[in-house]
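Order of the sequence lines fixes the chain letters, A, B, ..., with proteins taken first and strands second; residue numbering starts at 1 for each chain. The structure displayed is predicted, hence computed values, not measured ones.
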There are 2 protein chains.
Amino acid sequence: MSDENLVCNCKVVHKEIVDKVKSDYPREECVHSLTNLFKVLGDNTRVRIIFALFNSEMCVCDIAELLDMTQSAISHQLRVLRGARIVKYRKEGKSVFYSLDDDHIYDILARGLEHVCHE
Amino acid sequence: MSDENLVCNCKVVHKEIVDKVKSDYPREECVHSLTNLFKVLGDNTRVRIIFALFNSEMCVCDIAELLDMTQSAISHQLRVLRGARIVKYRKEGKSVFYSLDDDHIYDILARGLEHVCHE
DNA sequence: AAATCATATGAATATTTATTCATATATATA
DNA sequence: TATATATATGAATAAATATTCATATGATTT
């Protein structure tokens, strides 16, 4: 029982292709990080929050109002965005104002939006 | 019971900010499409497949071998990538060769990789 | 035609996760 | 100090989904 048969029931893979691709494959650690970034961006509430923050910093309540969702739901998602260092915050009195932490995110979202819609 | 209280238990939101943000918010339909794209990209197996196809078209078996996963798992994920029009395929004999369908995806992934790792 | 091989796919299982609800924390105000 | 307000968070529930397993489909070869 060869190695290949453990995972792939095909007889012969195109070895040259596999080797070539393997030779300049990015580090799995980086691929994994990138996947995690996309995972964070793969939720409609979080993406909506990010687009909201494109224009202005906003407090939690503003965001909840804008997106017509509960404060709790928004707060939970902001926590995820914080964990991914996509947003940062500053406190002012009882309010907490969130804003984008990173220009890269702006670029990625803006470019992505271009891709899916032309605007 | 006002509208705000249905979703947000805060007394007063910053109305000017909410209105301003609302005024040039992208179409929800586009935001939703973008989220769906990120959702597809938010899985490690799929992202690994895409990076594999950066260099060369590959048949299902090649990909399974490269990523050390079962043919079935790869095939299921290729189906998702096909559905998102991220990959296309051509048949040759018994094999099916997959390749990237869209340069935008290349750009988005390459830029994303830059963001998470510097290489 | 029969056998073999490459790929696709339905069903089941297990895991992840988004939201809700209740409540805790922290700040401001009366 | 007591109360009200803004935000955060733990637990529970519901929904989504990645992989496995078994099997179907479709193409090639003998």
Measure the distance from [atom1] on [X] to [atom2] on [N] and round it to the nearest whole Å.
{"X": "Ile49(A)", "N": "dA18(C)", "atom1": "CD1", "atom2": "P", "answer": "11 Å"}
{"X": "Ile63(B)", "N": "dT19(D)", "atom1": "CD1", "atom2": "P", "answer": "14 Å"}
{"X": "Asn36(A)", "N": "dT16(C)", "atom1": "CG", "atom2": "P", "answer": "12 Å"}
{"X": "Leu67(B)", "N": "dT20(D)", "atom1": "CG", "atom2": "P", "answer": "13 Å"}
{"X": "Lys39(A)", "N": "dT15(C)", "atom1": "NZ", "atom2": "C1'", "answer": "11 Å"}
{"X": "Ile74(B)", "N": "dT19(D)", "atom1": "CD1", "atom2": "C1'", "answer": "11 Å"}
{"X": "Gln71(B)", "N": "dT23(D)", "atom1": "CD", "atom2": "C1'", "answer": "12 Å"}
{"X": "Glu57(A)", "N": "dT7(D)", "atom1": "CD", "atom2": "P", "answer": "12 Å"}

Problem - Nearest listed nucleotide, side chain of Val60(B), among dT7(D), dT19(C), dT7(C) - result: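 Looking only at heavy atoms from C-beta outward on Val60(B), the closest nucleotide is dT7(C).
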Practice task
Select one nucleotide: of dT20(D), dT7(D), dA18(D), the one nearest the side-chain heavy atoms of Arg46(B).
Solution key: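 Shortest atom-to-atom distance from the side chain points to dA18(D).
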Handout entry: side chain to side chain contact (heavy atoms under 4.5 Å, CB included) partners for Arg85(B), two or more places apart
Key =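 Scan of Arg85(B) (side chain to side chain contact (heavy atoms under 4.5 Å, CB included), adjacent residues dropped) gives Asp101(B).
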Handout entry: All side chain to side chain contact (heavy atoms under 4.5 Å, CB included) counterparts of Glu16(A), not counting sequence neighbours
Key =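 Glu16(A): side chain to side chain contact (heavy atoms under 4.5 Å, CB included) contacts with His14(A).
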Problem - Toward the 5' end of DNA chain C, by each residue's nearest nucleotide, Asp43(A) or Glu92(A) - result: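 Upstream on the strand: Asp43(A).
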Problem - Whichever of Gly42(A) and Lys94(A) has its nearest DNA chain C nucleotide further upstream toward 5' - result: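 Here Gly42(A) is the residue nearer the 5' end.
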Practice task
Answer yes or no: does a side-chain N or O of Ser72(B) lie under 4.0 Å from OP1 or OP2 of dT20(D)?
Solution key: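 Negative; the distance criterion is not met.
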Exercise for the section: Look at the side-chain N and O atoms of Thr45(B) and state whether any lies under 4.0 Å from the OP1 or OP2 oxygen of dT19(D). Expected result: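 For dT19(D), OP1 or OP2 has a side-chain N or O of Thr45(B) closer than 4.0 Å.
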Problem - Pairwise side-chain contact, Ile105(B) with His115(A), heavy-atom cut-off 4.5 Å (strictly under) - result: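 A side-chain contact exists here, since the closest heavy-atom pair is under 4.5 Å.
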Handout entry: Complement of dA30(C), any strand, by Watson-Crick or G-U distances under 3.5 angstrom
Key =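 Partner of dA30(C): dT1(D).
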Handout entry: Short N-O contact, Glu65(B) and Lys15(A), less than 4.0 angstrom
Key =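 Here Glu65(B) does not pair with Lys15(A) in a salt bridge, since their nearest N and O are not under 4.0 Å apart.
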Handout entry: Inter-residue atom distance Phe51(A).CZ - Leu113(A).CG, 0.5 Å rounding
Key =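 One gets 4.5 Å once the value is rounded to the nearest 0.5 Å.
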Exercise for the section: Can you sort out which residues in residues 75-91 of chain A have a heavy atom within less than 4.0 Å of DNA chain D? Ascending by number, please. Expected result: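 Correct list: Ser75(A), His76(A), Arg79(A), Arg82(A).
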Practice task
Describe the nucleic acid contact of Tyr98(B) in one word from base, sugar-phosphate, nothing, applying a heavy-atom distance below 4.0 Å.
Solution key: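 Contact class for Tyr98(B): sugar-phosphate only.
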Practice task
Please check if atom CG in Asp103(A) has more than 12 non-hydrogen atoms from other residues, nucleotides or ligands closer than 6.0 Å.
Solution key: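 Open: at most 12 neighbouring heavy atoms sit under 6.0 Å from CG of Asp103(A).
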